[in-house]
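Note sheet for the following structure.
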Amino acid sequence: MQDESIGDLFDTGLFIDGTWVRSSSGDTRDCLNPADGSVVATVDEAAPDDATRAIAAARAAFDEGTWPRTPVAERTALLATIADLLERDKEKLARIETLDTGKTLAESRIDIDDVVSVCRYYARLAAIESDRLVDVGRPDVISRVVHEPIGVCVLIAPWNYPLLQISWKIAPALAAGCTMVVKPSEVTPLSTIAFVKLIEEAGVPRGVVNLVQGSGAVLGSALTDTPDVDFISFTGGLVTGRIILETAAKHVTKVAVELGGKNPHIVFADADGDDSVDQVLTGVFLHSGQVCSAGTRLIVEDSIADRFVAALAARAEKIRMGDGLDPASRTGPLVSMAHREKIERYVALGVSEGAELVTGGSRPSDPDLERGSFYLPTIFDRCNRNMRIVREETFGPILTVERFTTEEEALRLGNDTEYGLAAGVRTADSARGERMVRGLRHGTVWLNDFGYYTAAAEWGGFKRSGNGRELGPAGLSEYQEIKHIWHNTAPTAAGWFDND
């Protein structure tokens, strides 16, 4: 039985070549509310041939349609209209996001605001971007560097921030003049389906935006192992990212991947205080830790570590868990029962590795939460880099604690990870703070803050956190090719070879 608050909004199938169609296989999937296990909606699951048809539609729209050659003013006007529609439907979209992901309604509302911001940012950026004239020292030559859409894009988003993350891809792709096939996570596809409906309402031309929802294991090869795709943008796990990179290499397809992180939050003794405790707490347990940039590694100066960890544990035990639609809830459940089982395996592993379990480490005892996939905020102290819970991305409400005594040791620990997505530093010493933020090998570093971003600044990681960037000017450049045009206004013979 579907959630009555959204009716038959999702009884529409796939969006291919400007039309909502049923999956060729007839397969469907129930989308479950992780707070209680109820069915929110039932959606079509695409088959590989559906993905192939979607790519063909995007290819035709790019090669034969008008969108790539549409004036920038019209493309930016479409993005502005999409932003207006998002604002109009903010409450409905936020509710859908909460029902599908489990996050609190307050978080979902912030997500919708951020999606609006991303659309408006790329509308402004595309409007002011201009070609570049190059002086070659000849009055008879006009040399121009121009930006053109890269072509057909496959956009694959994760399950934790489905609407926000897909907007980071769709908005710059539309601004650049690309066509695309969108694939949300099969676990949380609902807000993306609703988003594509708004894009359709805004008047996007036929074939420019196509949507296929379904399992990556089923659709992955059809979406990536093809010469008809010019660019792939993927946000997700390291294992899948490697497969996409290897597959795309066969066709020399350009790829940008964001593959998560194991992010240090470094606290010096001079930053000891309630504000730091609060920031560390929020940085790791927001959205039950299901955030690629979550500060899951606390690296704290030894002289304050005992009282700092004790204060963290006391705060963690007060976090009110519950249904995301309940205004009193401060964090919701994990996305699924299967994901909770993964977290439980990591907790058992941490115990077996010798980490000291300070708090959490179990499901909540509240009977009102037993139908949902809830898990208590968990803190492990006395951890070291040999432990898998410190090295691997657990993607849940697990904080590990390591200790340091010198600035050099703190920097070494902060960089001692195969990932490099984000990091935080807390210190009252501005000179030390600057040394730390410049020394940390991470794509985003917060100094005396944590978790914030802006559409105007690039987002992405170092090392195995991926390549390429989203957001900012570089986020638009990912969807563009650069062409140099040399125009001789007074052509003459080259005169290199003798003419006799």
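Start at 1 with the first residue, then count along the sequence. Remember, it's a predicted structure, so these values are computed and weren't measured experimentally.
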- Query: Do Thr98 and Ser108 meet the criterion of a side-chain donor-acceptor pair at a distance under 3.5 Å?
  - Reply: yes
- Task: Kindly state whether the ring of His442 and the ring of Tyr419 have centres lying under 6.0 angstrom apart.
- Result: no
- Message: Checking side-chain polar atoms at under 3.5 Å, does Thr28 have a donor or acceptor matched by the opposite partner on Thr42?
- Response: no
- Message: If you count heavy atoms of other groups shown closer than 6.0 angstrom to CZ of Arg432, is the number above 12?
- Response: yes
- Message: So, taking the atom named CZ in Phe268 and the one named OG in Ser303, what distance separates them when rounded to the nearest 0.5 Å?
- Response: 11.0 Å
- Report yes or no: does Ser23 contribute a side-chain atom to a donor-acceptor pair with the main-chain N or O of Asp44 at less than 3.5 Å? no
- Message: Can a side-chain donor-acceptor contact be found between Glu258 and Thr235 if the only test is distance below 3.5 angstrom?
- Response: no
- Query: Can the ring centres of His265 and Phe450 be said to be less than 6.0 Å apart?
  - Reply: yes
- Message: The test is ring-ring contact (aromatic ring centres under 6.0 Å, His included); show your working for Trp168 and Tyr122 and say whether it passes.
- Response: CA-CA 10 Å; Trp168 290 11; Tyr122 280 111; 10.0 Å; no
- Assess Lys183 against Phe234: is NZ or CZ under 6.0 Å from the centre of the six-membered ring, and within 45 degrees of the ring's axis? no
- Judged by atom type as modelled, is there a donor-acceptor pair below 3.5 Å linking the side chain of Gln290 to the main-chain atoms of Val335? yes
- Task: Would you please test Phe231 and Val255 for side-chain contact (heavy atoms from CB on, under 4.5 Å) and show each step?
- Result: CA-CA 6 Å; Phe231 177 67; Val255 181; 5.8 Å; no
- Tyr346 versus Glu392, side-chain donor and acceptor atoms under 3.5 Å: yes
- State, without any angle test, whether Ser233 and Lys169 hold a side-chain donor-acceptor pair at a distance under 3.5 Å. yes
- Is the count of non-hydrogen atoms from other residues, nucleotides or ligands lying under 6.0 Å from Arg435 atom CZ greater than 12? yes
- Partner of Ile266 by side chain to side chain contact (heavy atoms under 4.5 Å, CB included), out of Arg426, Glu407, Met436: Met436
- Do Arg95 and Asp89 sit within salt-bridge range, that is, some charged N less than 4.0 Å from a carboxylate O? no
- Query: Between the side chain of Asp100 and the main-chain N/O of Cys31, is any donor-acceptor distance below 3.5 Å?
  - Reply: no
- Query: Got Phe285 and Ile379 here, is their nearest side-chain heavy-atom distance under 4.5 Å?
  - Reply: yes
- Message: Distance alone, cut at 3.5 Å: any donor-acceptor contact between the side chains of Asp270 and Thr427?
- Response: yes
- For the residue pair Trp446 and Tyr453, is the inter-centroid distance of their aromatic rings smaller than 6.0 Å? no
- Message: Under the criterion side-chain hydrogen bond (donor to acceptor under 3.5 Å, both in side chains), I'd like the reasoning laid out for Gln279 against Thr282: C-alpha separation, chi angles, the key distance, then a yes or no.
- Response: CA-CA 5 Å; Gln279 287 276 0; Thr282 305; 5.9 Å; no
- Task: For the pair Trp20 and Phe15, name the ring-plane relationship: parallel under 30°, tilted 30 to 60°, perpendicular over 60°.
- Result: tilted
- Message: Assess whether a salt bridge exists between Glu353 and Arg388, defined as any Lys/Arg side-chain N lying under 4.0 Å from an Asp/Glu carboxylate O.
- Response: no
- Message: Under a 4.0 Å threshold between the charged nitrogen and the carboxylate oxygen, would Glu409 count as salt-bridged to Arg403?
- Response: no
- Message: Testing the 3.5 Å rule here: is there a donor-acceptor pair between the side chains of Asp49 and Ser24?
- Response: yes
- Between Glu45 and Arg29, is there a side-chain N and carboxylate O pair less than 4.0 Å apart? yes
